[in-house]
Peer 1: 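I am attaching a structure below and will ask some questions about it afterwards.
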Amino acid sequence: MSIPRFGVGTFRLQDQVVIDSVRNALELGYRAIDTAQIYENEAQVGQAIAESGVPRDELFITTKIWVPNYGREKLAPSLRDSLAKLRTDYVDLTLIHWPAPDNGVSVDEFMTALADAREQGLTRQIGISNFPIAQTRAAIAAVGRDAIATNQIELSPYLQNAALTAFLKEQGIHVTSYMTLAYGRVLKDPVIQQIAARHQATPAQVALAWAMQLGYSVIPSSTRRENLASNLLAQQLRLSDEDMAQIAALERNGREVSPEGLAAAWD
């Protein structure tokens, strides 16, 4: 099984806002949807999916286990709760949301519990999110690298994560990029804007195409239907080697998210 290269994210979207976003995305042709327990919107995402009429086997649904549920006895029950909210018998991908190194649950324990949930049929694939190299090595030691479908990480033209992405490629672990637009900051970048003008594209399309051209999956979110439609067109945009080199030069270690107690030491 593979990870879709393009999907819709739902971070920070709740209530009717997330219902409308997912409904619009599905109507426009999106088939991959990313959510998480901590987003507190799984029930609304499930409602939007159910009301869309899109057959379940056409969808790729991802959720993420939140920190209090990492223990061996809690992980699978919490995932069953997520499935009930999402109105599905299984999800396609379940991730450990953060390494949370100080929460008292070892990487070995939560990865083994996650693999057990897969064996129970609760999820088709498993993976990790926000894991630097050391914690990724620990996850590999627990379940084997072939079991880890992806590492979903913050990644944008301003945060290119060269060491981590090279390690993941070496291990055969797919990269999923979130916050690819850096909270919209890269949309105002002169270099990105110049590349967009050359291609008669939008800055968002350029940033998303850059990530996909590097082999990553992307999961941008939007509350506006026109932006959801526009973002989809990034799949048809092909950047030149010069474009890619110009974007590579934008690296500034511009991390937007690193919550204390959840993040491990970054590479």
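For clarity, every value in this text was computed on a predicted model and none was experimentally measured. All values below were derived from every heavy atom in this structure, side-chain atoms included, with hydrogens, water molecules and symmetry-related copies excluded.
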Peer 1: Taking salt bridge (charged side-chain N to carboxylate O under 4.0 Å, His left out) as the test, write out the residues that go with Arg80, two or more places apart.
Peer 2: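 For Arg80 there are no salt bridge (charged side-chain N to carboxylate O under 4.0 Å, His left out) partners, ignoring immediate neighbours.
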Peer 1: Using the ring-ring contact (aromatic ring centres under 6.0 Å, His included) criterion, which residues pair with Tyr30? Sequence neighbours excluded.
Peer 2: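 Counting only residues at least two positions away or on another chain, Tyr30 forms a ring-ring contact (aromatic ring centres under 6.0 Å, His included) with Phe6.
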Peer 1: Tell me, please, which residues at least two apart from Ser217 pass side chain to side chain donor-acceptor pair (under 3.5 Å).
Peer 2: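 Expected list: His174.
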Peer 1: Among all residues two or more places apart in sequence or in another chain, which pass the side chain to side chain donor-acceptor pair (under 3.5 Å) test with Thr88?
Peer 2: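 With sequence neighbours excluded, Thr88 shows a side chain to side chain donor-acceptor pair (under 3.5 Å) to Arg56, given in chain and number order.
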Peer 1: Under the salt bridge (charged side-chain N to carboxylate O under 4.0 Å, His left out) test, which residues partner Arg252, sequence neighbours left out?
Peer 2: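 Counting only residues at least two positions away or on another chain, Arg252 forms a salt bridge (charged side-chain N to carboxylate O under 4.0 Å, His left out) with Asp189.
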Peer 1: According to side chain to side chain donor-acceptor pair (under 3.5 Å), does anything in residues 94-108 pair up with another residue at least two apart or in another chain? List the pairs.
Peer 2: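 Qualifying pairs, neighbours excluded: Thr94-Thr123.
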Peer 1: Will you find, in the side chains of Ser230 and Asn227, an N or O donor that is under 3.5 Å from an N or O acceptor?
Peer 2: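 No, Asn227 and Ser230 have no side-chain donor paired with an acceptor closer than 3.5 Å.
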Peer 1: Run the ring-ring contact (aromatic ring centres under 6.0 Å, His included) test against Tyr183 and tell me which residues pass, sequence neighbours left out.
Peer 2: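 For Tyr183, no residue satisfies ring-ring contact (aromatic ring centres under 6.0 Å, His included) once neighbours in sequence are set aside.
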Peer 1: Which residues pass the side chain to side chain donor-acceptor pair (under 3.5 Å) test with Glu42, sequence neighbours left out?
Peer 2: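 Checked Glu42 against side chain to side chain donor-acceptor pair (under 3.5 Å); matches are Thr63, Ser82.
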Peer 1: According to salt bridge (charged side-chain N to carboxylate O under 4.0 Å, His left out), who are the partners of Glu226, at least two apart in sequence or on a separate chain?
Peer 2: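 Applying salt bridge (charged side-chain N to carboxylate O under 4.0 Å, His left out) to Glu226 gives Arg224.
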Peer 1: Only pairs at least two apart or in different chains count here, so list each side chain to side chain donor-acceptor pair (under 3.5 Å) that has a residue in residues 136-146.
Peer 2: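 Counting only pairs at least two positions apart or across chains, the side chain to side chain donor-acceptor pair (under 3.5 Å) contacts touching residues 136-146 are Arg145-Gln171.
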Peer 1: Applying salt bridge (charged side-chain N to carboxylate O under 4.0 Å, His left out), can you list everything that pairs with Asp20, at least two apart in sequence or on another chain?
Peer 2: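 Asp20 satisfies salt bridge (charged side-chain N to carboxylate O under 4.0 Å, His left out) with Arg23 only.
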Peer 1: Please list all pairs meeting side chain to side chain donor-acceptor pair (under 3.5 Å) that have one or both residues in residues 257-267, counting only residues at least two apart or in different chains.
Peer 2: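 Qualifying pairs: Ser258-Trp266.
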